[in-house]
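All remarks here apply to the structure that follows.
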Amino acid sequence: MNPAKNSSFTLILTHVSWVRRALRSISALLLMFSLIFAAAAIPAEQILFQPQPYLSALESSGWYTQYPHLLMELVHGWSGWLIPGLIPMIQTLFPPDQTQQIIRFIFPESWVREQTEQLVNHFWVLAFSSTPGEPPLTLNFLPVKTRLRGNDGRVLIQKAFQNLPTCTPQDLLTIAGFALQGKPESPIRCRPPAVLEPLVISGLQSTLQAFINQFPDEVALTRAHPLQGENPSIHGLFRSIRGFLRVSVVSVVLFLTFGFFLARRNITHWVEWAGFPFYVGGLLGAVLSGLAGAGLRWFIEVIAVWLPGSVQEVFLFFGGVIYRVMDQFLLRTAAAEITCALLGLALILISRSRLIHQAQ
């Protein structure tokens with residue numbers, strides 16, 4: 001046998017073996033990182049990208065009991081963007097201790113619940129829709145306007161007169177003057193005599209209807225078509241996250257298959273190779289899930305410190321709702337990561353046992 005040829009053959013085998021080991025190490029590392037994100041794919045589909053967890057978080061956070069107060073804070077913080085002039089009108093006509101009660105009368109819980117469910121459900125339809133020109137998110141004020149134009153508007157005015165002393169002649173002239181101007185700029189501090197009450201209520205009801213007519217029937221919260229040069233960031237962000245998680249699942253399958261062939265289809269070597277990335281990736285993913293939960297809580301608190309009082313309270317409430325959903329998602333993800341770590345530990349132990357060697 002030619003010694004030179006034998007030496008060359010040995011060098012080739014050594015080079016091939018080195019390349020195979022390098023590829024196995026790189027594949028194991030990529031499998032480990034892919035596994036961290038792949039374990040979050042199913043919890044994301046079940047919790048993060050579904051409307052029901054957000055609706056449940058709103059319910060458990062007390063949205064349907066606190067919305068009159070939060071609505072007042074929202075209007076104060078954003079200068080009445082959605083319903084300009086509403087809170088000043090209520091504060092003008094009613095004493096402070098009745099403000100939230102009146103807001104609940106104007107916007108009943110049934111309407112708030114319907115609008116909330118519609119917005120949350122439609123948001124997730126829009127987030128993953130591939131159809132351009134989807135209808136925007138809207139608030140429908142038409143049912144509220146219809147109610148207040150009818151008997152409920154009269155009831156609202158009558159509520160303003162409850163538990164008030166009888167008006168003096170001067171008070172009546174003042175109320176009549178403001179009613180005729182369509183500007184109820186002074187609080188109602190007295191109740192008109194019974195003979196004049198229907199007339200005063202009719203005048204104030206006309207004023208209320210004129211104010212209501214200023215409300216739009218619907219308020220669009222998003223645009224159906226982005227402006228030129230504007231990126232649909234929310235739409236693109238959620239689709240990108242969902243796509244990345246799904247690609248991670250496919251990557252895990254591909255790396256496992258690739259590792260099987262790199263192990264020359266030897267079950268013992270493949271099980272030993274796969275155990276380490278599953279074990280380390282699962283542990284690392286569980287730790288990252290815990291850190292993400294703590295980081296999100298810290299992030300919400302840090303931002304809230306820099307916000308003014310009314311905006312801060314609204315932000316903390318809705319930030320808490322998001323945190324509740326994320327907490328569910330991260331707990332489910334951590335459980336999936338720990339399952340992967342246990343599976344990796346089992347694979348390592350199996351690869352060290354005699355059973356698999358006997359099976360070979």
Side-chain angles (χ1 to χ4, degrees), residues 50-52 54-55 57-59 63-91 93 99-157 182 184 205-228 230-238 310-311 314-315 317-318 321-322:
Q50 296 295 327
Q52 190 54 48
Y54 295 89
L55 294 173
L58 283 167
E59 182 90 46
W63 164 241
Y64 299 111
T65 58
Q66 298 183 47
Y67 74 84
H69 172 68
L70 291 170
L71 184 59
M72 286 180 61
E73 297 299 322
L74 183 66
V75 171
H76 283 310
W78 275 275
S79 301
W81 168 58
L82 289 177
I83 40 179
L86 176 66
I87 297 300
M89 184 202 75
I90 293 175
Q91 291 174 331
L93 295 175
T99 303
Q100 293 189 35
Q101 176 187 352
I102 296 305
I103 290 178
R104 185 174 288 276
F105 178 82
I106 295 174
F107 302 109
E109 182 179 329
S110 58
W111 179 84
V112 173
R113 189 177 292 273
E114 179 185 356
Q115 295 302 305
T116 301
E117 292 176 356
Q118 176 186 321
L119 287 174
V120 174
N121 285 312
H122 193 193
F123 174 84
W124 288 109
V125 171
L126 287 179
F128 299 118
S129 173
S130 58
T131 305
E134 286 281 349
L137 293 175
T138 59
L139 278 174
N140 183 13
F141 285 109
L142 187 58
V144 174
K145 294 174 64 175
T146 302
R147 283 180 48 248
L148 295 180
R149 286 191 185 113
N151 186 60
D152 281 356
R154 190 174 186 85
V155 171
L156 181 64
I157 297 299
Q205 191 173 7
S206 298
T207 301
L208 177 64
Q209 289 182 1
F211 177 79
I212 291 169
N213 290 335
Q214 298 175 13
F215 278 27
D217 291 345
E218 285 188 342
V219 173
L221 304 180
T222 60
R223 299 187 185 95
H225 302 279
L227 298 176
Q228 186 175 5
E230 180 184 14
N231 294 322
S233 54
I234 297 297
H235 182 274
L237 175 63
F238 286 114
S310 58
V311 179
V314 175
F315 176 81
F317 177 83
F318 288 105
V321 171
I322 298 298

Apply side-chain hydrogen bond (donor to acceptor under 3.5 Å, both in side chains) to Arg149 and list each qualifying residue two or more places apart in sequence or on a separate chain. Asn213
Just to verify, what does Glu114 make a salt bridge (Lys or Arg N to Asp or Glu O under 4.0 Å) with, not counting sequence neighbours? none
Residues two or more places apart in sequence or in another chain: which of them pass side-chain hydrogen bond (donor to acceptor under 3.5 Å, both in side chains) with Thr138? none
Name the orientation class of the two ring planes belonging to Phe123 and Phe238 (parallel below 30°, tilted from 30 to 60°, perpendicular beyond 60°). perpendicular
Sequence-distant partners of Tyr64, ring-ring contact (aromatic ring centres under 6.0 Å, His included), two or more places apart: none
Looking at every non-hydrogen atom in both residues, tell me the closest pair between Val314 and Leu70 and how far apart they are. CG2-O, 3.9 Å
Could you pull out all residues at least two apart from Arg154 that satisfy salt bridge (Lys or Arg N to Asp or Glu O under 4.0 Å)? none
Pairing residues for Asp217 by the side-chain hydrogen bond (donor to acceptor under 3.5 Å, both in side chains) criterion, not counting sequence neighbours: Lys145
Who passes side-chain contact (heavy atoms from CB on, under 4.5 Å) against Leu156, sequence neighbours left out? Phe94, Ile102, Phe105, Ile106, Leu148, Leu208
For Gln50, which residues count as a side-chain contact (heavy atoms from CB on, under 4.5 Å) partner, sequence neighbours excluded? Pro53
With rounding to the nearest 0.5 Å, note down the distance linking OG1 in Thr116 to CZ in Arg113. 8.5 Å
Looking only at heavy atoms, what is the nearest atom pair of Phe141 and Phe107, with distance? CE2-CE2, 3.8 Å
Holding to ring-ring contact (aromatic ring centres under 6.0 Å, His included), I want the full list of residues that pass it with Tyr54, two or more places apart in sequence or in another chain. Trp124
Decide yes or no for Glu117 and Asn121: does some side-chain heavy atom of the first lie under 4.5 Å from some side-chain heavy atom of the second? yes
Tyr67 side chain to Glu109 backbone, donor-acceptor under 3.5 Å: yes
OG1-NE2 distance between Thr99 and His69, expressed to the nearest 0.5 angstrom: 12.0 Å
Check side-chain hydrogen bond (donor to acceptor under 3.5 Å, both in side chains) between Gln66 and all other residues, then give those that pass, not counting sequence neighbours. none
Is any side-chain heavy atom of Arg147 closer than 4.5 Å to one of Pro108? yes
Taking side-chain contact (heavy atoms from CB on, under 4.5 Å) as the definition, give me every residue that meets it alongside Gln115, ordered by chain and number, with sequence neighbours left out. Trp111, Gln118, Leu139, Asn140
